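Given the structure is predicted, the values throughout are model-derived calculations rather than measurements. All residue numbers in this chain count up from 1 along the given sequence.
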Amino acid sequence: MSSSTPLGEFLRARREGLKPPDVGLPEHGRRRVKGLRREEVAMLAGMSSDYYIRLEQGRESSPSPQVIEAVARALLLDEAAADHLRRLARSEPRLGRPARDRVGPQLLQLMDGFTHSPAFVLGPALDILAGNAMADALHEPFSPADNLVRMVFCDPAGREFYREWERTAHSCVAELRAAYGHDPESTRIAEVVADLSSRSPEFADLWSRHDVKPKTHEVKHLRHPHVGDLHIQFSALTVNGAPHQQLIVYQAEPAGPTAAAFQRLAERIGTSRTKRNVREGVQEATYH
């Protein structure tokens with residue numbers, strides 16, 4: 001019987017990603033299964049093989065917290081992956097679907113205040129829901145700049161823009177997997193996964209690994225066609241009024257090359273707005 005639940009799929013993927021020496025077990029001869037055997041995980045977790053098999057096959061609907069912690073230790077899960085496992089195991093009913101395309105006016109005003117830093121709001125499926133003028137200018141190479149996963153894997157600009165593309169691709173999928181753990185029933189995440197899986201074998205392979213990493217803070221190396229290389233630090237902030245959204249702010253080291261590049265980016269915004277206002281006779285909207 002194959003895994004039929006998000007919990008079972010996660011357990012199977014993480015079990016298959018381990019080898020016996022990883023967990024202190026001997027490896028004798030050729031093995032007929034990928035990774036660890038179910039019986040080996042059960043032994044490491046201190047439970048019966050039958051119980052673990054039911055858990056992985058989706059036939060055990062309410063494992064105790066003690067069981068989940070034991071499985072997390074047996075599979076050598078880090079804290080992010082263990083949290084993901086706990087969420088999948090709880091299987092709590094969802095109380096309505098959050099609107100994925102609505103950003104509050106206070107948050108829009110806050111982003112507008114970052115006049116020298118790109119700032120944008122991400123939804124659970126890594127949709128770019130709104131951005132300030134600097135974010136729009138930064139993402140100018142993409143057409144459209146709508147969803148970070150699509151931009152990384154399917155837009156031709158992605159591999160040039162993200163200088164450490166493989167690292168970015170892995171992080172992007174792991175962040176999407178973390179969001180999926182918060183809401184496995186999300187139709188929007190399912191849409192993104194289905195679309196990207198059909199268009200990008202690289203995405204499909206990474207998604208099948210079930211790696212988990214929430215978006216927090218990190219250093220990124222980008223290359224913009226008009227302002228050059230950017231070594232940025234970013235912070236991901238949870239929005240209290242909309243917990244399913246995150247505010248992303250890109251920052252540059254003061255007085256460094258990236259700060260100078262951000263200044264050139266801001267100058268491009270002013271130039272393009274002046275030209276557009278003269279041509280159209282209207283004020284360009286900051287947000288879309």
Side-chain angles (χ1 to χ4, degrees), residues 100-152 155-165 167-168 171-172 175 215-242 245-280 282-288:
R100 72 170 188 264
D101 57 356
R102 183 176 301 171
V103 178
Q106 293 86 359
L107 187 53
L108 294 174
Q109 184 178 8
L110 176 63
M111 284 193 299
D112 198 35
F114 292 110
T115 56
H116 298 289
S117 297
F120 52 98
V121 177
L122 289 179
L126 303 192
D127 293 305
I128 298 179
L129 305 182
N132 65 4
M134 285 287 286
D136 291 343
L138 178 69
H139 293 140
E140 180 185 355
F142 297 96
S143 181
D146 56 349
N147 179 279
L148 288 185
V149 192
R150 188 204 64 80
M151 291 157 62
V152 169
D155 195 302
R159 292 177 189 266
E160 180 66 21
F161 184 81
Y162 297 104
R163 301 307 297 159
E164 298 173 307
W165 187 87
R167 175 187 173 194
T168 299
S171 294
C172 193
E175 290 158 8
K215 185 181 285 293
T216 52
H217 54 82
E218 196 175 332
V219 177
K220 286 182 177 290
H221 181 191
L222 311 177
R223 177 171 294 170
H224 193 279
H226 299 295
V227 302
D229 284 5
L230 302 165
H231 293 270
I232 64 170
Q233 298 178 344
F234 80 81
S235 298
L237 309 173
T238 300
V239 181
N240 287 338
Q245 296 177 2
Q246 284 188 304
L247 171 63
I248 311 299
V249 181
Y250 286 173
Q251 296 175 297
E253 183 178 351
T258 299
F262 277 1
Q263 180 59 40
R264 294 194 296 274
L265 202 62
E267 292 169 358
R268 283 183 56 80
I269 295 169
T271 300
S272 63
R273 282 185 169 181
T274 299
K275 291 179 179 178
R276 183 170 299 176
N277 291 341
V278 169
R279 184 174 67 251
E280 300 178 356
V282 297
Q283 177 65 41
E284 180 187 17
T286 301
Y287 303 105
H288 50 79

Take the angle between the ring planes of His139 and Phe142 and call it parallel below 30°, perpendicular above 60°, tilted in between.
-> perpendicular
Tell me, do [X] and [Y] make a side-chain contact under 4.5 Å, heavy atoms counted?
X: Met134; Y: Phe262; answer: yes
X: Pro141; Y: His226; answer: no
X: Leu230; Y: Leu265; answer: no
X: Leu148; Y: Glu175; answer: no
X: Ile128; Y: Asp146; answer: no
X: Val152; Y: Phe161; answer: no

Contact summary for [X] and [Y], nearest pair of heavy atoms:
X: Ala130; Y: Val103; result: CB-CG2, 4.0 Å
X: Ile248; Y: Ala236; result: CD1-CB, 3.6 Å
X: Leu107; Y: Leu247; result: CD1-CD2, 4.1 Å

List in chain and number order the residues that pass salt bridge (Lys or Arg N to Asp or Glu O under 4.0 Å) with Arg159, two or more places apart in sequence or in another chain; answer none if no residue qualifies.
-> Glu202
Taking the side chain from [X] and the backbone from [Y], do they hold a donor-acceptor pair closer than 3.5 Å?
X: Asp155; Y: Ser143; value: yes
X: Arg264; Y: Val227; value: yes
X: Arg150; Y: Pro144; value: yes
X: Asp136; Y: Ala145; value: no
X: Gln245; Y: Arg102; value: yes

Check: residues 249-258 side-chain donor-acceptor pairs under 3.5 Å, at least two apart:
from: Thr258; atom 1: OG1; to: His231; atom 2: N; distance (Å): 2.9
from: Thr258; atom 1: OG1; to: His231; atom 2: O; distance (Å): 3.3

Look up atom SG in Cys172 and atom OH in Tyr162, then write down how far apart they are to the nearest 0.5 Å.
-> 7.0 Å
CD (Glu164) with more than 12 external heavy atoms under 6.0 Å = yes
